[in-house]
Amino acid sequence: MAKNITARSVDYSKWYTDIVLQSKMADYSPVKGSMVIRPNGYAIWEMIQQNLDKMFKDTGHVNAYFPLLIPESFMKKEAEHVEGFAPECAVVTHGGGQPLEEHLYIRPTSETIIWSMYKKWIMSYRDLPILINQWANVMRWEMRTRLFLRTSEFLWQEGHTAHATAEEAEEETVKMLGVYKQFAEEYMAIPVIPGKKTDSEKFAGAKHTYCIEAMMQDRKALQAGTSHNLGQNFAKAFDVQFQDKDGSRSFVYATSWGVSTRLIGALIMTHSDDDGLVIPPKLAQRPVVIVPIWKSDEEKEQVMAYTNAIYDELKADYSIILDDRDQYKPGFKFAEWELQGIPIRIEIGPKDVEKNNVVLVRRDNKQKQFISREGILDKVKSELTQMQADMLDKAREYREEYSYKIDDYDELKKIIANDGGFIYSHWCGDAACEQKVKDETKATIRCIPFERENEKGKCIVCGNESDGRVIFAKAY
RNA sequence: CGGGGUGUAGCGCAGCCUGGUUAGCGCACCUGCCUUGGGAGCAGGGGGUCGGAGGUUCGAAUCCUCUCACCCCGACCA
C-alpha cells in the first residue's frame, strides 16, 4: 500500500491532490490559483497535443497563434460574451510605467481577437471556410481552484472556424465533438457521453454548445470537451460579412471548440487507484520500466548483461526506463513507478537469467506474469494493447453501474444525496425546473444526450410533457 | 467578500500558555559501511533572517500592536 496517499474511501479530494503532488505531475506556484506543470504532467499534455493535433490536421485544420492581450473594447462587443466573462478576467492597466489609454484583457478565450482579424481576412465565399486552431494559455480569475481541474491560468487548444452557411457550421461543431469523443475513448480510455448543453449551461455568446461528459470515480460528472456553434453572433459583433456567389452579402457563421489541461484531471480521476497514477498506454510517453535485481557484484554483472540486451531490443519500439539505481531496493522502485503510473514494469533478477525469462507486471491490474525471454517484444506490445482496452471497459462498466433511469423526484434526490451518479430523467425544457433541481440537490443537467430513446414522458419536476431524458449529476 | 485555520530546515510538525544555555523531532538530503524478488539497517554530517514591521524587556519563536501570505468551507466557473 502506498505511503502518503490518502485512500479514496477516506477522502476523495485529498486522494486526488496527493496523487498529483506525489506523482510529480504538478506543484503549487507562488501565485494563488496557478500551478506549475512538472515534467511528469507535461509529458501527458504533450501526448494529448501530439495525438489531438494530428486528428485536427486530418480533418483539415491548421494551427496559428493569436496574442495574449485583448483590447477592452473587443471584449465588450458581444453582449452575452462580455457578461459571461468580464467578472473572471485579469486586466492589464499599466505598461511601461504609465497607465494605459485602453485597458488590455488577458484572454479568457480568443473569440474576440480572432474575429477582429477574420474581418480583415474574409471578403468572399472563396475565403471560406477558415479552419484555424491554436494551442495557447488562457486565464480566468477563479475563486476556488484545484490542480488541473480548475486553475486560473491553464493550457488548452481552441479551434475557431468560419463558414459560409449555417449548415456547414453545424456540421463542423458536431464533427469536432466527434473528434473529442474518439480521442477521449481511444487514447485516454475515458468513456464519454456526447450531448447538448441546456441554455443555462451554454457558452457565453454561443447559439448552442455541445459537450462530452465523463463520470469520475466519485460519481461526479466532468465536462471533458466542448464545441460551440456560435451562429452569426460574433460575425455581427465584429461586422464580418462576405460576398456570396450570387453577389449577396451575409454574415459569416462561426464555431469554436476546445479541450484543456483539465483532461489530465479527468485522466487521473477516471483511472488512478490508491497506489498512485495509472496512465493508459497510448498516453504514456514512457510505457515500460525495467527494474533489474541483484545481490552480489557477480550477480549484478550477469543480470545487467541480460537486462541490457532486453533493453536494446525494446527501446527500438518504445521509450524505456531502465532503473539501475544502486541506492534503492527493488521494493522501493516498484512502489515509485507504480505511483507514477508507468503501464508495464519488467522485473529481471538472477532467477530470471537462470530460467531465461522475465517478470512482467501490468499497472492497471497488478498481475505478475512470468514470461519467456523470447518474444518479449510481442508480449509487451500485446499487453499494452490489452491494457488500453481493459481500462476503457472498466471505466465504462463503472459508469453503467452508477447510471439510473429515474422517474420520481424524491428518488433522484436520494441518489444524488447518497452515492451519486448519472441520473437519466425526463425534463420539460423549462429553465425554472432545471434551476429548482440545482437549488435543491446541487445536481445540474450535464447534457441532453445525442443518443437517447425516443420516449415521451413527464418532467421529473413539474410533470409537464417531455420528449426525452436528460442527464442529471453533480459536476466539477 | 463572509466563516474557520495555519505561518518555526525541502516537507510534516513540537516548542509559545508560564520569556532565560547553542531552537528541537520525524521524513528527505550528503558521506561511509551494509543491504537488494514489495517502500531496509547502523554510524557520522549539512541545512533556520522562527512570515514581516514595530513595541515591552537586561533578554522575545514565546508577551503586546499592526501587517502580509497561504489553506479549508460558502457565493462564481472549463
Side-chain angles (χ1 to χ4, degrees), chain A residues 1-5 11 13-14 17-18 21-22 24 27-34 83-89 108-109 137-158 180 197 200-204 206 209 211-214 221-228 256-266 275-276 291-297 299-300 303-304 323-339 345-355 357-361 366 368 370 438-439 442 444 446 475-476:
Chain A
M1 194 49 65
K3 288 180 180 174
N4 310 323
I5 294 183
D11 185 341
S13 297
K14 187 76 168 35
T17 305
D18 286 349
L21 295 177
Q22 298 200 34
K24 297 180 182 165
D27 206 345
Y28 293 108
S29 87
V31 178
K32 177 181 164 63
S34 55
E83 196 185 319
F85 279 110
E88 52 182 291
C89 284
T109 179
N137 58 339
V138 288
M139 173 162 271
R140 300 177 186 178
W141 210 261
E142 297 291 348
M143 307 276 194
R144 283 193 66 187
T145 57
R146 291 191 67 191
L147 296 165
F148 288 116
L149 296 174
R150 174 163 294 112
T151 46
S152 284
E153 181 188 359
F154 58 93
L155 304 181
W156 77 346
Q157 62 63 217
E158 46 181 328
Y180 288 154
K197 283 292 186 195
S200 59
E201 296 267 334
K202 79 175 169 68
F203 175 75
T209 290
C211 62
I212 50 174
E213 294 284 330
L222 186 135
Q223 178 175 308
T226 51
S227 182
H228 314 290
S256 70
W257 27 272
V259 298
S260 72
T261 36
R262 184 180 225 203
L263 281 178
I264 297 173
D275 291 330
V291 180
I293 298 156
W294 63 80
K295 289 193 181 72
S296 62
D297 283 351
E299 269 182 3
K300 179 176 180 179
V303 167
M304 285 313 296
D323 187 359
D324 58 357
R325 290 176 298 175
D326 210 17
Q327 69 270 35
Y328 296 112
K329 293 175 59 169
F332 179 90
K333 295 179 182 179
F334 298 166
E336 185 171 76
W337 296 116
E338 273 168 7
L339 172 61
R345 176 175 77 242
I346 293 173
E347 305 171 9
I348 300 173
K351 290 178 216 161
D352 301 301
V353 176
E354 191 186 315
K355 294 176 189 161
N357 63 15
V358 305
V359 175
L360 184 149
V361 189
K366 303 201 183 68
K368 288 200 178 194
F370 297 85
K438 185 177 181 180
D439 292 343
K442 287 186 177 169
T444 50
R446 299 321 306 149
Y476 276 94

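Hydrogens, waters and symmetry mates play no part in the numbers below; they use all other heavy atoms, side chains included. Each chain gets a letter, A, B and so on, in the order its sequence line appears, and its residues count up from 1.
The base of B:rG38 sits within donor-acceptor range of the side chain of A:E338, with an N or O pair under 3.5 Å. Judged by atom type and distance alone, A:K333 does not reach the base of B:rG37 through any side-chain donor-acceptor pair under 3.5 Å.
Here the nucleotide nearest the side chain of A:A335, chosen from B:rG37, B:rG38, B:rC29, is B:rG38. When the nucleotides B:rA78, B:rG38, B:rU36 are ranked by their closest atom to the side chain of A:R140, B:rA78 comes out on top. In the set B:rA78, B:rG39, B:rG37, the nucleotide with an atom closest to the side chain of A:R262 is B:rA78. The side chain of A:S260 lies closest to B:rA78 when the candidates are B:rG37, B:rU36, B:rA78.
The residue A:F203 sits apart from the nucleic acid: no heavy atom pair falls under 4.0 Å. Using a 4.0 Å heavy-atom cutoff across all strands shown, A:V259 reaches no nucleic acid atom at all. Across all strands, A:L149 comes closer than 4.0 Å to base atoms (heavy-atom distances). Among the atoms of the strands shown, base atoms are found under 4.0 Å from some heavy atom of A:R345.
The partner of B:rG41, taking Watson-Crick or G-U wobble pairs whose two distances both stay under 3.5 Å, is B:rC33. With both pairing distances under 3.5 Å, B:rC1 is matched to B:rG74 as a Watson-Crick or G-U wobble pair. Under the Watson-Crick or G-U wobble criterion, with both distances below 3.5 Å, B:rC16 is left unpaired in every strand shown. With a cut-off of 3.5 Å on both pairing distances, the Watson-Crick or G-U wobble partner of B:rU65 is B:rA53. The nucleotide B:rG47 finds no pairing partner, because no Watson-Crick or G-U wobble arrangement with both distances shorter than 3.5 Å includes it.
For the salt bridge (Lys or Arg N to Asp or Glu O under 4.0 Å) test with A:E338, the passing option among A:K333, A:R345, A:K366 is A:R345; the others fail.
Using a 4.5 Å cut-off on side-chain heavy atoms (C-beta onward), A:Y28 and A:L147 make contact. Between A:T109 and A:R140 the shortest side-chain heavy-atom distance falls below 4.5 Å. At least one side-chain heavy atom of A:R146 sits under 4.5 Å from a side-chain heavy atom of A:S13.
The C1' atoms of B:rG41 and B:rG3 are separated by 49 Å, rounded to the nearest whole Å. Across the P atoms, B:rC66 and B:rC25 are found 36 Å apart, a figure rounded to whole Å. Atom P of B:rC72 sits at a distance of 14 Å from the matching atom of B:rC13, rounded to the whole Å. If you take atom C1' in B:rG5 and the same atom in B:rG51, they sit 16 Å apart, rounded to whole Å. As rounded to the nearest Å, B:rU22 and B:rG26 have P atoms that lie 22 Å from one another. With both ends at atom P, the span from B:rA14 to B:rA75 equals 31 Å, rounded to whole Å. As rounded to the nearest Å, B:rG37 and B:rA43 have C1' atoms that lie 28 Å from one another. One P atom belongs to B:rU56, the other to B:rU65, and the distance between them is 15 Å to the nearest Å.
Per the geometry, NZ belonging to A:K295 stands 11 Å off P belonging to B:rU35, to the nearest Å. Atom P of nucleotide B:rC30 and atom CD of A:Q327 are separated by 8 Å, given to the nearest angstrom. Separating the CD atom of A:E201 from the P atom of B:rC76 is a distance of 12 Å, rounded to the nearest angstrom. Taking atom CG on A:D323 and atom P on B:rG37, their separation rounds to 13 Å, with Å as the unit. Rounded to whole Å, the distance from OH on A:Y180 to C1' on B:rA78 is 12 Å. The CG atom of A:D326 sits 10 Å away from the C1' atom of B:rU35 (whole-angstrom rounding). One can place CD of A:E88 at 12 Å from P of B:rC76, the figure rounded to the nearest angstrom. Note: CD (A:E142) to C1' (B:rC77) measures 5 Å, nearest angstrom.
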Check against side chain to side chain contact (heavy atoms under 4.5 Å, CB included), A:F203 and A:K197: CA-CA 9 Å; A:F203 175 75; A:K197 283 292 186 195; over 6 Å; no
message: One pair to check against side chain to side chain contact (heavy atoms under 4.5 Å, CB included): A:V359 and A:I346. What are the steps and the verdict?
response: CA-CA 6 Å; A:V359 175; A:I346 293 173; over 6 Å; no
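For B:rG38, neither phosphate oxygen OP1 nor OP2 lies less than 4.0 angstrom from any side-chain nitrogen or oxygen of A:K329.
Atom-to-atom distance recorded for A:R150:CZ and A:E142:CD is 5.0 Å, nearest 0.5 angstrom.
Mapping A:T151 and A:K368 onto RNA chain B by nearest heavy atom places A:K368 at the nucleotide closer to the 5' end.
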